[in-house]
Amino acid sequence: MAKNVVVVGTQWGDEGKGKIVDWLTDHAQGVVRFQGGHNAGHTLVVGKTEYKLNLVPSGIVHQGVACYIGNGVVLDVHHLLSEIHRLETGGIEVRSRLKVSPGCPLILPYHSALDLAREAAKSSGDKIGTTGKGIGPTYEDKIARRALRVYDLFNPERFAAKLQANLDYHNFVLARHLGAPAVDFQTVFDQAMEDAEELRPLVIDVSAELHRINKAGGSLLFEGAQGTLLDIDHGTYPFVTSSNCVAGQAAAGSGLGPGSLHYVLGITKAYCTRVGGGPFPTELDIETGGTPGEQMSTRGREVGTVTKRKRRCGWLDLAALKRSIIINGVTGICITKLDVLDGLKELKLCTGYKLDDGSVDLLPLGAEEVSRCEPLYETLPGWSTSTVGAKNWSDLPLEARTYLHRIEEICEVPIDVISTGPEREETILRRHPFGV
């Protein structure tokens with residue numbers, strides 16, 4: 001029986017992790033975010049209510065479940081507090097159950113200013129497609145050992161000294177190099193001190209608390225943000241996010257050792273999507289009516305939760321999925337949005353790529369190499385029967401089951417869960433990640 005489960009995206013994010021984390025939370029004592037920041041967007045549908053979360057773990061809509069923001073998350077405290085207020089307005093009790101690591105690096109206004117100014121200065125072909133929320137510059141400060149962390153908020157003199165040094169450095173870049181307005185010290189300091197008092201009751205030693213729960217026999221659910229192919233080390237660099245999005249980061253980003261991670265669930269959309277720039281081997285036309293790409297876009301409602309941009313869409317890329325399985329040590333796959341493919345006469349699975357020097361069956365490393373890839377497809381029959389809301393394997397049409405079996409055969413990992421709609425109960429369970 002798996003005691004602790006890690007949920008990660010195996011594509012370029014937006015795989016539907018939020019619903020699955022919410023669905024699994026019934027079997028966990030705690031839900032943990034371990035990387036990223038408020039550039040993540042997780043949408044949950046509970047009954048007739050829709051919740052959009054950026055920082056607060058998706059388990060928060062379950063009464064009695066503790067939620068943790070680990071040290072691997074870069075934290076915009078002001079945004080977190082506004083998200084808490086929105087949830088409380090919607091009737092969700094948050095403050096007694098949400099705990100924040102004192103080790104989280106702080107996202108401050110100069111980080112988002114840098115993010116936006118840098119992206120604006122790039123030519124169109126070089127734009128990363130960043131959300132502009134300061135995630136990258138904050139991780140840069142962390143690696144450069146100049147980051148302010150949550151624990152600094154509670155020592156105003158130390159915070160002020162570090163803030164002034166950082167502003168001296170970053171304002172020089174903003175004004176002299178990027179031609180953007182400088183950021184005012186007093187405005188940032190005053191807001192940070194105000195937010196600190198509201199945040200203070202939520203701050204605990206998350207690492208120690210997770211160790212205590214684990215030692216006592218409790219189950220933990222680790223919630224990743226973004227997706228493996230956006231990972232700073234393993235993704236289509238430089239068109240990636242600024243953190244590690246892979247299962248191994250659940251240990252580093254929470255403070256619980258990797259030996260305590262028992263099962264990795266890889267969330268995989270039944271097709272592929274991508275927001276922002278970067279290579280996308282199986283990309284389809286999403287603008288022409290009646291095409292598979294247009295169906296994926298419209299029926300899948302493929303618009304970014306955070307960015308509000310249309311997501312690029314394409315056929316399921318199994319060569320990329322196999323790379324993600326290797327990197328994460330995926331135990332089982334969860335397929336989401338299978339119903340979006342309903343009605344297509346035929347489906348294609350990318351099984352590898354043709355390159356000018358041969359062919360490969362795994363996604364290469366780096367954007368330049370991926371951009372050289374010409375997909376090699378296997379064609380399967382589609383299905384006309386609706387799969388929306390199916391709750392049993394036998395409810396799926398034969399062609400849908402064949403499609404899923406072929407994914408399993410090529411990837412050599414079982415599909416344990418299939419999501420057939422946004423509601424919790426619209427889920428087919430073949431093997432439970434927690435072993436229940």
Side-chain angles (χ1 to χ4, degrees), residues 13 33 35-42 52-56 69 71-86 100 103-122 124 126-150 152-153 159-160 162-196 198-199 225-226 230 232 238-243 245 275-277 304-309:
R33 264 289 300 276
Q35 49 81 213
H38 63 305
N39 55 337
H42 292 168
K52 292 186 181 295
L53 305 174
N54 301 128
L55 280 166
V56 178
I69 296 177
N71 57 275
V73 175
V74 287
L75 189 66
D76 183 323
V77 176
H78 199 64
H79 182 94
L80 175 64
L81 295 174
S82 67
E83 193 171 323
I84 291 170
H85 295 157
R86 287 199 309 273
V100 177
C104 292
L106 294 171
I107 300 175
L108 293 163
Y110 53 87
H111 293 121
S112 54
L114 283 164
D115 210 354
L116 292 167
R118 286 175 181 170
E119 190 78 348
K122 289 186 174 77
S124 58
D126 293 328
K127 291 184 185 295
I128 302 297
T130 172
T131 58
K133 296 183 180 294
I135 309 299
T138 306
Y139 276 115
E140 287 177 39
D141 274 2
K142 173 184 175 180
I143 298 303
R145 292 170 291 201
R146 59 173 168 256
L148 285 151
R149 298 195 180 224
V150 166
D152 290 312
L153 287 168
F159 184 91
K162 290 185 176 183
L163 176 62
Q164 188 62 67
N166 278 359
L167 280 176
D168 288 346
Y169 174 76
H170 288 308
N171 276 338
F172 178 86
V173 175
L174 280 166
R176 291 292 196 82
H177 179 58
L178 296 168
V183 174
D184 178 64
F185 168 87
Q186 200 63 46
T187 302
V188 175
F189 179 81
D190 290 346
Q191 185 66 66
M193 292 300 101
E194 181 182 332
D195 291 340
E198 192 172 352
L199 180 70
Q226 289 85 45
L230 293 176
I232 186 67
F239 298 93
V240 292
T241 193
S242 300
S243 62
C245 315
V275 172
T305 303
V306 173
T307 64
K308 306 303 179 187
R309 293 173 291 185

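We count residues from 1, following the sequence as given. Side chains are part of it too, since the values below use all heavy atoms of this structure and drop only hydrogens, waters and symmetry mates.
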Engineer: With a 3.5 Å distance limit and no angle check, can you tell me whether Asp141 reaches the backbone of Ala147 through a side-chain donor-acceptor pair?
Structural biologist: no
Engineer: Roughly how far, to the nearest 0.5 Å, is the CG atom of Asn71 from the CD1 atom of Ile69?
Structural biologist: 12.0 Å
Engineer: Rounded to the nearest 0.5 Å, how far apart are CG of Leu108 and OG1 of Thr138?
Structural biologist: 7.0 Å
Engineer: Quick one: closest heavy-atom pair of Val73 and Pro105, and the distance?
Structural biologist: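 Smallest interatomic distance, heavy atoms only, reads O-CD, 3.4 Å.
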Engineer: Would the distance check show the side chain of Glu198 and the main-chain N or O of Leu81 forming a donor-acceptor pair, the cut-off being under 3.5 Å?
Structural biologist: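 Checking the backbone N and O of Leu81 against the side chain of Glu198, no donor-acceptor pair under 3.5 Å is found.
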Engineer: Taking all non-hydrogen atoms of both residues, which atom of Arg309 and which atom of Val275 are closest, and how far apart?
Structural biologist: NH2-CG1, 3.3 Å
Engineer: For a side-chain contact (heavy atoms from CB on, under 4.5 Å) check, start with the C-alpha distance between Lys142 and Arg149, then their side-chain angles and the critical distance, and finish with the verdict.
Structural biologist: CA-CA 9 Å; Lys142 173 184 175 180; Arg149 298 195 180 224; 3.9 Å; yes
Engineer: Which heavy atom of Gly36 sits nearest to which heavy atom of Gln226, and what is that distance?
Structural biologist: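 In terms of heavy atoms, the two residues are closest at CA-OE1, 4.0 Å.
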Engineer: Quick one: does Leu163's side chain get under 4.5 Å of Tyr110's, heavy atoms only?
Structural biologist: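 Counting from C-beta outward, Leu163 and Tyr110 do come under 4.5 Å.
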Engineer: For Gly37 versus Leu55, what's the shortest heavy-atom pair and its separation?
Structural biologist: C-CD2, 3.7 Å
Engineer: With Glu140, which of Arg146, Arg118, Arg145 fulfils salt bridge (charged side-chain N to carboxylate O under 4.0 Å, His left out)?
Structural biologist: Arg118
Engineer: How long is the gap from CG on Asp184 to CG on Asn171, to the nearest 0.5 Å?
Structural biologist: 9.0 Å
Engineer: State the CD-CD distance between Gln186 and Gln164, to the nearest 0.5 angstrom.
Structural biologist: 9.5 Å
Engineer: Find the distance between CG (Leu80) and NE2 (His85) and round it off to the nearest 0.5 Å.
Structural biologist: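 Going from the CG atom of Leu80 to the NE2 atom of His85 covers 9.0 Å.
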Engineer: Any idea which heavy atoms bring Tyr139 and Gln35 closest together, and the distance?
Structural biologist: OH-C, 4.0 Å
Engineer: Does the side chain of Ile135 reach to within under 4.5 Å of the side chain of His38, using non-hydrogen atoms?
Structural biologist: yes
Engineer: Under 6.0 Å from the NE2 atom of His79, do we count more than 12 heavy atoms belonging to anything else shown?
Structural biologist: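 Buried by this count: over 12 neighbours within 6.0 Å.
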Engineer: Val77 and Asp195: which non-hydrogen atoms are nearest, and at how many Å?
Structural biologist: CG1-CB, 3.7 Å
Engineer: Using a strict cut-off of less than 4.0 Å between a Lys/Arg side-chain nitrogen and an Asp/Glu carboxylate oxygen, indicate whether Lys133 and Asp76 qualify as a salt bridge.
Structural biologist: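 Salt bridge between Lys133 and Asp76, a charged N being under 4.0 Å from a carboxylate O: no.
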Engineer: Can you confirm whether Leu106 sits close enough to Val150 that some side-chain heavy atom of one is under 4.5 Å from a side-chain heavy atom of the other?
Structural biologist: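 Of all side-chain heavy-atom pairs linking Val150 with Leu106, at least one is under 4.5 Å.
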Engineer: Is the shortest heavy-atom distance from the side chain of His170 to the side chain of Val183 under 4.5 Å?
Structural biologist: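 Sidechains of Val183 and His170: no contact.
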